[in-house]
Amino acid sequence: MSDGSMFAKLPEYIQEGLRKVATEQGYTEGVCQFEFEEASKRGDGFMGDLFKVVISEKDHEELIVVCKTLPQNEARKMYTISLFHREVQAYNEVLPMLKKFQIEKGILEGDFQGFWSFPKSYYAYCDMSKMEGVIIMEDLREKKFRMWTKTEPVDYQHTRLVMEELGKLHAISFALKDQQPELFEQFKQLCDPLGRLIENEPRQTMKQMMNGSCERAISTLDEDDESSRMKMQPIRGVATDLYKSDTMASEAEPYAVLGHGDCWVNNTMFCYADDDSTPTAVSMFDWQLCRYVSPVLDLVYFIFMCTDEELRAQHYEELVLVYYKSLSHHLMRLGGNPERQIPRTAFKEQLKRFGRFALLISFLALPVICTPSDELPDIEKHMEIAQKAPGEDTGSVEEAKFSSTQKADAIYRKRASGIIRDMVKFEYL
């Protein structure tokens, strides 16, 4: 089906997926052509490798798709296979369920009142026993979506748009739990895959890395900021324990929802108005941490990882309200009752209980966010070092490789200290 050698070099299961997509989209087997090119820059994603495929045939319009595959490096593949499997579940089961329920409620696909902020998936497959996985989806860039520069703090307009979409996403869970509990029950089993990975990791690399990152974050505080330093003391040495606690659905019930799980700016793309600066739509991808948890986790993850202290000082309470109003309005459109299902007082209690999650996830995410893509280290090399050196402090090895240049460290210190101060300010610590 291809006139080049690239197609033949792909694993058979990826060839099969591309053939299936081409046939389903009306192309002729044995006639249509496949052309390939790289789809991402270094640092755009850790969980998988991306390449772009152009499917063409005479008298047919071209179809441009993005293939996400498991990393070729064996160390990364072993580490990410369970997360890849969860993303396939999201595209094959979770998102179609959310889509179907909204349509049943009269909210047509593409209606701005509904939640449609995810790319179309043509094919998603993962076999953990065979260590195989591929997701074939639409290329959002063909719809004029583009990414934000991760090291730049996200502004108010973009953050507000994300809050509105997260509110809609979470509203569907509340409606489904209430109206179709038997259907929704199976999705309550989607526990946090990263927490499970941390729990089962024999070398405890993640635990060491998070604890090391915690110490580094504390070091960014001014010497005279004794209040913030004291508030951080209970976090030291137990970051992974707190992380696992905060990602347990039982801690959030009866308000747990199906969340995106990894909602930060590199997992979103924005579309713009004619002025090329006003965001009009957002799409969320990389659903590998899709999980059943408190709705607060998605909310604080994006706000604290992607904005800065200055924006939060001006707009944090407003952004929280934007989220809650969006959730309430969409829940009512779906036939629910926010005052009964998640009253404002309960939402505030969820914020109080789970707001600290932003700090915990910052220990993992912030060093990566603050490192410009052209300064990222060789992840595969460091993972192999960590696997081969069980007696060493692999946490410090892992942590040191991100945001270690002078430029990246300056960005990190400003953002990390700001997060800690805001955790104290909003009484999440």
In terms of side-chain heavy atoms, does Q89 have a donor or acceptor partner in R86 at a distance below 3.5 Å?
yes
Smallest separation among heavy atoms of G418 and E309, with atom names
CA-OE1, 3.5 Å
Between W287 and E87, is a side chain to side chain contact (heavy atoms under 4.5 Å, CB included) present by the stated rule, with each step listed?
CA-CA 5 Å; W287 291 79; E87 185 166 18; 4.2 Å; yes
So that I can tick it off, tell me whether K168 and E164 are bridged by a salt bridge, with the cut-off set at under 4.0 angstrom between side-chain N and carboxylate O.
no
When you compare the side chains of Q72 and D49, does any donor N or O come within less than 3.5 Å of an acceptor on the partner?
no
Do S213 side-chain atoms and M209 backbone N/O form a donor-acceptor pair below 3.5 Å?
no
Could you walk me through whether F304 and Y316 pass the ring pair (Phe, Tyr, Trp, His ring centres under 6.0 Å) test, one step at a time?
CA-CA 10 Å; F304 285 92; Y316 180 69; 5.4 Å; yes
Worked verdict on T151 versus K407 for side chain to side chain contact (heavy atoms under 4.5 Å, CB included)
CA-CA 11 Å; T151 54; K407 177 183 176 182; over 6 Å; no
Return the orientation label for the F270 and H158 ring planes: parallel under 30°, perpendicular over 60°, tilted otherwise.
perpendicular
Sequence neighbours excluded, which residues qualify as ring pair (Phe, Tyr, Trp, His ring centres under 6.0 Å) partners of W116?
none
Could you tell me if E24 and Y123 have a donor-acceptor pair between their side chains, going purely by distance under 3.5 Å?
no
With a sphere of 6.0 Å drawn around NZ of K77, does it hold more than 12 non-hydrogen atoms of other residues, nucleotides or ligands?
yes
Begin from the C-alpha positions of E185 and K188 and carry the test salt bridge (charged side-chain N to carboxylate O under 4.0 Å, His left out) through to its verdict.
CA-CA 5 Å; E185 186 67 29; K188 290 183 178 181; 3.5 Å; yes
I'd like to know whether CE of M230 has more than 12 heavy-atom contacts from other residues, nucleotides or ligands below 6.0 angstrom.
no
Less than 6.0 angstrom separating the ring centers of F115 and H170, yes or no?
no
Would you say the side chain of E251 lies within less than 4.5 Å of the side chain of D246, judging by non-hydrogen atoms?
no
Would you check if V134 and Y13 make a side-chain contact, meaning some heavy-atom pair closer than 4.5 Å?
yes
I would like to know whether Y292 and F187 meet side chain to side chain contact (heavy atoms under 4.5 Å, CB included); could you show each step before the answer?
CA-CA 7 Å; Y292 184 64; F187 295 99; over 6 Å; no
Atom CD of E142 with >12 non-hydrogen neighbours under 6.0 angstrom
yes
Side chain proximity check, Y428 to L351, heavy atoms < 4.5 angstrom:
yes
Aromatic ring proximity Y272/F145, centre distance under 6.0 Å
no
Can you tell me if K99 has over 12 outside heavy atoms packed within less than 6.0 Å of its NZ?
no
Ring centers of F285, Y91 separated by less than 6.0 Å:
no
Does R196, at its CZ atom, have more than 12 non-hydrogen atoms belonging to other residues, nucleotides or ligands within less than 6.0 Å?
no
Got more than 12 heavy atoms from elsewhere within 6.0 Å of CD, Q186?
yes
Report yes or no: is the cationic atom of R312 (NZ for Lys, CZ for Arg) under 6.0 Å from the centre of the six-membered ring of F426, at an angle within 45° of the ring normal?
no
Between Y323 and F347, is the gap from one ring center to the other below 6.0 Å?
yes
Which heavy atom of V88 sits nearest to which heavy atom of C126, and what is that distance?
CG2-CB, 3.8 Å
Can you tell me if NZ on K231 sees more than 12 non-hydrogen neighbours from other groups inside 6.0 Å?
no
Side-chain donor-acceptor contact under 3.5 Å, Q233 with R236:
yes
Using a 6.0 Å cut-off, check whether atom CG of D274 has over 12 heavy atoms from anything other than its own residue.
no
